[in-house]
Amino acid sequence: MTNMKRTLFTKIAMLACASLFIFSTVYAQENADSYEVEEKTENVKDSKANKDLPYQNKNLKTKVSNILLGDSPVELGEGSLFEYSITGTKLQQSNVTYYYYPKASAIVLQVASTLSKYYIFLNKPNCISMKKAFNQYLKDFDAHTLSKKYKETYAAYGHITAEYRQGMIGTGTKTKPKTSLGYRFVKKSPYFCFTMWPAEAEAFIPGTDVEAGEGSSKMTFFMTKKQGAKMLEFIDESIFEEMENMAQQNLQEKEVFADEY
């Protein structure tokens, strides 16, 4: 009888653990945006959603106020996006960690999937263009004017020249691909997307081919409204100004003046 009770308890415990794991996985996974006529941007409730400065990162100052800025990346926060799976048949979610990288004066998206980790560098003009593109996407989504013709959508909001790196943040493959800003429908759901086109590798030491590595291939990144809104928190141009001011202040505090005699 004791063995039967023990076996029953073990099965119940295993079932509970399995249920918890399934719940956690579903909770972490972002859902596609429904494109129904009556739907508005319910995931972006900020009344400034379509204005020039919609997403201010109010917690940034408290996060990095005590950090001495040098060449080390400063973590800003986390989010996620979607990429095509290795088979290219479906979308899979990847984690994103956002950094400010003083050495390059850029916001860096560290994209981590099950198989790889790489970095997308956005300078200040890139961030401004990305923000404008996403805000226009929200307007078009709400106005229900999104097209389902790929040739009209993948670069609907223009192009930028971003930077892609693979390996450590300062080493490995480095390319500067043309990047299209637009949107794509996957099945019945639209996604804001940016496509990085194939590009040849650049040397990390200008004028040489040292560690030039292989070039980068075509990559497309997809975001729901919620994921895009999270991205805008960390690519706002005000972050550049705040970081630069903090770095200058830290330098001034470190200066040593001669003693008067």
Side-chain angles (χ1 to χ4, degrees), residues 30-37 39 41 43-44 49-50 54-55 79-96 98 106-111 113 116 118-166 173 175-201 215-232 234-235:
E30 290 294 337
N31 295 320
D33 293 318
S34 175
Y35 195 54
E36 301 298 331
V37 176
E39 186 200 16
T41 54
N43 286 329
V44 186
N50 294 323
Y55 306 107
S80 62
L81 49 70
F82 287 97
E83 305 175 80
Y84 275 121
S85 63
I86 193 169
T87 60
T89 56
K90 62 180 181 179
L91 296 185
Q92 65 180 17
Q93 185 169 299
S94 297
N95 296 326
V96 181
Y98 294 89
I107 302 296
V108 179
L109 284 67
Q110 175 188 280
V111 182
S113 64
S116 62
Y118 39 89
Y119 304 86
I120 300 168
F121 283 62
L122 301 175
N123 60 23
K124 189 174 180 179
N126 289 160
C127 290
I128 292 173
S129 296
M130 186 76 79
K131 183 177 68 173
K132 288 182 178 178
F134 182 72
N135 283 335
Q136 185 59 52
Y137 170 73
L138 292 183
K139 290 180 181 179
D140 294 341
F141 191 109
D142 281 350
H144 223 70
T145 57
L146 298 177
S147 171
K148 294 187 177 180
K149 296 180 180 179
Y150 172 71
K151 291 184 178 180
E152 298 177 359
T153 67
Y154 75 91
Y157 308 124
H159 306 274
I160 59 175
T161 300
E163 185 173 316
Y164 167 87
R165 297 189 190 184
Q166 192 171 23
T173 298
T175 67
K176 293 185 178 179
K178 177 181 178 180
T179 303
S180 303
L181 309 179
Y183 61 92
R184 293 268 301 273
F185 273 84
V186 179
K187 296 183 179 179
K188 295 182 179 181
S189 297
Y191 293 81
F192 176 77
C193 68
F194 55 99
T195 302
M196 305 184 83
W197 297 94
E200 294 184 1
S216 56
S217 56
K218 178 185 175 184
M219 295 169 285
T220 302
F221 303 95
F222 302 79
M223 289 186 172
T224 63
K225 293 180 294 181
K226 184 177 180 180
Q227 290 171 323
K230 177 60 66 175
M231 175 184 68
L232 290 198
F234 306 121
I235 67 169

Exactly one candidate in Ile128, Ile160, Val108 meets side chain to side chain contact (heavy atoms under 4.5 Å, CB included) with Leu122; the answer is Ile160

Rounded to the nearest 0.5 angstrom, the CG-NZ distance for Leu232 and Lys132 is 13.0 Å

query: CD of Gln92: more than 12 outside heavy atoms within 6.0 angstrom?
result: yes

### Query
For Lys176, does the NZ atom sit with more than 12 other heavy atoms under 6.0 Å from it, leaving out its own atoms?
no

| Can you check whether Ile120 reaches Phe221 side chain to side chain, under 4.5 Å on heavy atoms? | yes

- Query: With side chains defined as the heavy atoms from C-beta onward, is the minimum distance between Tyr137 and Leu146 less than 4.5 Å?
  - Reply: yes

Are Glu83 and Val111 side-chain neighbours, meaning at least one heavy-atom pair lies under 4.5 Å?
-> yes

Taking every heavy atom of Asn126 against every heavy atom of Ala162, the minimum-distance pair comes out as OD1-CA, 3.9 Å

Here the gap from Met196 atom CE to Glu163 atom CD, rounded to the nearest 0.5 Å, amounts to 8.5 Å

In terms of heavy-atom contacts, Met219 and Ser216 come closest through CE-CB, 4.2 Å

**Study point:** Side-chain touch Phe192/Gln227, heavy atoms, less than 4.5 angstrom
**Key:** no

Ring pair (Phe, Tyr, Trp, His ring centres under 6.0 Å) filter on Tyr164, not counting sequence neighbours, yields Tyr118

Review point. Tyr84 and Phe222: aromatic ring centres closer than 6.0 Å?
Key: yes

* Asked: Between Thr179 and Pro177, is there a donor-acceptor pair closer than 3.5 Å when you use the side chain of the first and the backbone of the second?
  -> yes

Side chains of Leu109 and Tyr98: closer than 4.5 Å at any heavy-atom pair?
yes

Rounded to the nearest 0.5 angstrom, the CG-OG distance for Asn123 and Ser129 is 8.5 Å

Scanning both residues in full, the closest heavy-atom pair of Trp197 with Ser180 reads NE1-OG, 2.8 Å

dist Arg184:CZ -> Leu91:CG (nearest 0.5 Å) comes out at 8.5 Å

For Glu200 and Thr175, the nearest pair of non-hydrogen atoms, with its separation, is O-CG2, 3.5 Å

Could you tell me whether a side-chain N or O of Tyr183 sits under 3.5 Å from a main-chain N or O of Ser147, the two making a donor and an acceptor? yes

The side chain to side chain contact (heavy atoms under 4.5 Å, CB included) partners of Asn95 (sequence neighbours excluded) come to none

Closest heavy-atom pair, Ile235 versus Lys131, reported as atoms and distance to 0.1 Å, is CD1-N, 4.3 Å

Value for NZ (Lys149) from OG1 (Thr153), rounded to nearest 0.5 Å, stands at 11.5 Å

Test item: Asp33 and Phe141 side chains (from C-beta on) under 4.5 Å apart, heavy atoms:
yes

- Task: Would you mind reporting whether Tyr157 and Asp140 have side-chain heavy atoms less than 4.5 Å apart?
- Result: yes

Notebook entry, point to check: Under 4.5 Å between any side-chain heavy atoms of Thr224 and Tyr191, yes or no?
Noted result: yes

The reported gap from NZ in Lys90 to NZ in Lys187 (rounded to nearest 0.5 angstrom) is 9.5 Å

